[in-house]
There are 2 protein chains.
Amino acid sequence: MVSSKDVAKKAGVSQTTVSRVLNTPELVKKPTVDKVMRAIEELNYIPNANARSLVQNKTRTIALLSGPIHNPFFVDTTTAIVNYANEMGYRVHVQYVSDDRLQEAYTSIFENKVDGVILSCIFLDDPIFFKLKQLNIPFITYNRKHKNNEFFVEIDNFYAGYLSAQHLLELGHTAISWIGGPQNRSTFKERYAGFVKALEDYNIARNDDFIFTTDTSKQSIQDIFQHITSLDKQPTGICAATDSIALHLLDCFINKNLKVPEDISIIGIDNVDLSKHGLIQLTTVGSILEENLGFLAIKELFEMIENKKNSCVRITKSVKVFNRRTTSVPKQTI
Amino acid sequence: MVSSKDVAKKAGVSQTTVSRVLNTPELVKKPTVDKVMRAIEELNYIPNANARSLVQNKTRTIALLSGPIHNPFFVDTTTAIVNYANEMGYRVHVQYVSDDRLQEAYTSIFENKVDGVILSCIFLDDPIFFKLKQLNIPFITYNRKHKNNEFFVEIDNFYAGYLSAQHLLELGHTAISWIGGPQNRSTFKERYAGFVKALEDYNIARNDDFIFTTDTSKQSIQDIFQHITSLDKQPTGICAATDSIALHLLDCFINKNLKVPEDISIIGIDNVDLSKHGLIQLTTVGSILEENLGFLAIKELFEMIENKKNSCVRITKSVKVFNRRTTSVPKQTI
DNA sequence: TAAAAAAATGTTTACGTATTCATTTTAAAA
DNA sequence: TTTTAAAATGAATACGTAAACATTTTTTTA
């Protein structure tokens, strides 16, 4: 391994001068710079970022704790985050975190002295929130947020849930199913609350047989599908708490030769890129301006990292329905 | 920042002992271990992985240079790679590399002393190949390979191209288009060669008006679509060099109210997860056993990193056609 | 030209850990 | 016991860089 000392010796200068040539060349005389640069090239010297991190206590690395990218929502966000960070000259430690194994992911963050953390997988009462705050590590959550209501970028989840239900209600559906996730995630909790509120506003009694909680795995959604289709009285429309759930669900229905929306209406939330595909055309609820939450979040994170921005980030984007092809008036009323 | 020295002072031992408690506790007396562990907890001490890397010259980090995950192929591979590496206790630096900006990605690898590199984006004559070899960094390429024919995991690209064309030929297509990519990528080159060979074997003259090269961007594929549909004599079937291209193309056709396969047949290569979706059902060519190339590659990489495996990795998986719903007999013959 | 200021370079140290080598303590063997 | 071996701990050092401080060289000013 060739170090800056080797370069220094070869160029006949001190190690400090080598360091200066690389970091503040304007403080070094031209001929010296040339000498050193020549030595660097001849020796194929590459500075060791680890050593630099150690002395500067700055890693130019951020940690991304993302949900799985088989969920297309995280495809869009991960891409935006990684690319933006790379452009800013930062590396990104990516982890795809399943909710049941958060802890391992967390410890890895702390051992590696990242300059910032961006995470989607936080729980409403997640202790990581206070740990990050206490350690003074800049961080931001996207999609989900912590109950302390700080440092997040989200869509208006309550209203998204509301709009999702309202959309089906306005079409005439009364037997509406909700497929959501655990209530300790802000997204699922608020979207569900919005859904419930819409039913209330439209004076439709909530049928608890139609309310499902999934861990969002393909298998779990398949099970719920089985359950729904075996019901005596079946829903005519389904509000899926996320596009990912909706997409899996679509797959289930199609594979059983059921037609969407003819046999059943399905609406998602998130407006992921894939939902726009001509073969999919998923009706969904998403941010009005179609911004990518990950992109918004990473920009804010860099504000915090570099500008020492102090004001707390709290961003909630407005939503609307993107009316595509997976919803229609209910079967019975046709 | 609390260091092992602070812990040592608090516990009344030397820093060395603290280090030993963490790394080789079997060499430390029980009561001492307890003392130190108590101090660690009280001080909330977390070892600094950077410092450790510096002295051990081992980072427990690997670099992943992947293609963009909007291409579903890389969704599957990236997930497999990141998860496997994390399970092995390694961190993963992820970069999504566009072919035109490879160099920046490469320099970042070298500055950060990773223990291994796994990359999909290599060119046939890429100089990175020799650099990695020279620096003795364990590496492996998946999907694409270098012309030196070493350290790769791929599918049988030639035969995949062949099967793709053969599938359409057997259905009776004679006007077959190829949409591929630059020939300095092993995948595109070999798949195309297989395509050409199939046409030859079936005595179908190649129509150069039907051969297209895309940078795989959505826009570029859209342009090709426009071009094809404006042709006087149009192809009845399209061999897309990748599922990603095929999926974009499907979107284009559907959005113009053209039906697949009724109006045109489309076959891809890669057999990505998404191609199986009920609403998509893309006919494609892929690995017989449906292994994930990324997973195969990362396992091999760890063999190299940890077991100092010496034999060069050269894996080429056999392929077959996955016959789904996007191909049929050509329009004219119906 | 001498003195003062500015620019260029060098010396030394710190970052936080693991490791080598030396020393002390404890257990086993004589 | 005493001697010897083994176990446990500590002191000193290295990893490769940046930065604080010190010194030398060059330029500017008086």
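Throughout, protein chains are lettered first and strands after them, A, B, ... in sequence-line order, and every chain is numbered starting at 1.
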Colleague: Checking all strands, does Val18(A) fall into the base, sugar-phosphate, or nothing category for heavy-atom contacts under 4.0 angstrom?
Modeller: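 No contact.
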
Colleague: Would you say Thr59(A)'s side chain and Lys113(A)'s backbone share a donor-acceptor pair under 3.5 angstrom?
Modeller: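 The answer is yes, because a donor-acceptor pair under 3.5 Å joins these two groups.
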
Colleague: Looking at Thr32(A), I'd like to know whether one of its side-chain N or O atoms comes within less than 4.0 Å of OP1 or OP2 on dT9(C).
Modeller: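 Checking dT9(C) against Thr32(A), a side-chain N or O does come within under 4.0 Å of OP1 or OP2.
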
Colleague: Please report, rounded to the nearest Å, how far the P atom of dA18(C) is from the CZ atom of Arg60(B).
Modeller: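 Going from Arg60(B) (CZ) to dA18(C) (P), I get 12 Å.
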
Colleague: Rounded to whole Å, how long is the line connecting atom NZ of Lys113(B) with atom C1' of dT17(D)?
Modeller: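 Taking NZ of Lys113(B) and C1' of dT17(D), I get 12 Å after rounding.
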
Colleague: Under a 4.0 Å heavy-atom cut-off, which of residues 34-59 of chain B touch DNA chain D?
Modeller: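 Contacts with DNA chain D under 4.0 Å: Leu54(B), Val55(B).
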
Colleague: Tyr84(A) vs Asn292(A), test: side-chain hydrogen bond (donor to acceptor under 3.5 Å, both in side chains). Steps then yes/no.
Modeller: CA-CA 12 Å; Tyr84(A) 186 82; Asn292(A) 179 308; over 6 Å; no

Colleague: Can you check the Lys5(A) NZ to dT13(D) P distance for me, whole Å?
Modeller: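 My rounded result for the distance is 14 Å.
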
Colleague: Check the distance between dA18(D)'s P and Leu27(A)'s CG and give it to me in whole angstrom.
Modeller: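 So the CG-P distance, Leu27(A) to dA18(D), works out to 14 Å.
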
Colleague: So, Arg144(A) side chain and Ser186(A) main chain: donor-acceptor pair closer than 3.5 Å or not?
Modeller: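 Not at all, since once roles are kept as given, no pair shorter than 3.5 Å links the two residues.
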
Colleague: May I ask you to verify if any side-chain N or O of Ser19(B) is less than 4.0 angstrom from the OP1 or OP2 atom of dA18(C)?
Modeller: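 Checking dA18(C) against Ser19(B), a side-chain N or O does come within under 4.0 Å of OP1 or OP2.
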
Colleague: NA contact type, Ser3(A), heavy-atom cut-off 4.0 Å: base, sugar-phosphate, or nothing?
Modeller: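 Since only primed, P, OP1 and OP2 atoms lie under 4.0 Å of Ser3(A), the category is sugar-phosphate.
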
Colleague: Can you figure out which of dT9(D), dG16(C), dG10(C) approaches the side chain of Arg20(A) most closely?
Modeller: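 From the listed options, dG10(C) comes nearest.
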
Colleague: Classify the ring geometry of Phe129(A) against Phe139(A): parallel below 30°, tilted from 30° to 60°, perpendicular beyond 60°.
Modeller: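 Perpendicular: the ring planes of Phe129(A) and Phe139(A) meet at over 60°.
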
Colleague: So, does Ser14(B) get its side chain near the phosphate of dG10(D), meaning an N or O under 4.0 Å from OP1 or OP2?
Modeller: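 So the side chain of Ser14(B) is within the cut-off, an N or O lying under 4.0 Å from OP1 or OP2 of dG10(D).
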
Colleague: Measure across Val33(B) and Pro25(B) and return the closest heavy-atom pair with its distance rounded to 0.1 Å.
Modeller: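 Val33(B) and Pro25(B) have their closest heavy atoms at CG2-O, 4.2 Å.
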
Colleague: Any side-chain heavy atom of Thr141(B) sitting closer than 4.5 Å to one from His146(B)?
Modeller: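 Of all side-chain heavy-atom pairs linking His146(B) with Thr141(B), none is under 4.5 Å.
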
Colleague: Rounded to whole angstroms, how far apart are CD on Gln15(B) and P on dA18(C)?
Modeller: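 About 7 Å, once rounded to whole Å.
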
Colleague: If you compare every side-chain N and O of Thr17(B) against the phosphate oxygens of dT9(D) (OP1, OP2), does one of them come in below 4.0 Å?
Modeller: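 No.
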
Colleague: Could you state the atom-to-atom distance from NZ of Lys29(A) to C1' of dT24(D) in whole Å?
Modeller: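 Taking atom C1' of dT24(D) as the reference, NZ of Lys29(A) is at 11 Å.
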
Colleague: Please tell me if Ser4(A) has a side-chain N or O lying less than 4.0 Å from either OP1 or OP2 of dT17(D).
Modeller: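 Looking at the OP1 and OP2 atoms of dT17(D), one of them is under 4.0 Å from a side-chain N or O of Ser4(A).
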
Colleague: CG of Asp6(A) versus P of dC15(D): gap in Å, rounded?
Modeller: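 My rounded result for the distance is 10 Å.
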
Colleague: Using distance alone, with no hydrogens and no angle criterion, decide if Asn157(B) and Thr187(B) have a side-chain donor and acceptor under 3.5 Å apart.
Modeller: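 No - no donor-acceptor pair under 3.5 Å links their side chains.
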
Colleague: Report yes if a donor N or O on one partner sits less than 3.5 Å from an acceptor N or O on the other, where the partners are the side chain of Thr16(B) and the base of dA18(C); otherwise report no.
Modeller: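 When only heavy-atom distances are counted, Thr16(B) does not reach the base of dA18(C) through any donor-acceptor pair under 3.5 Å.
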
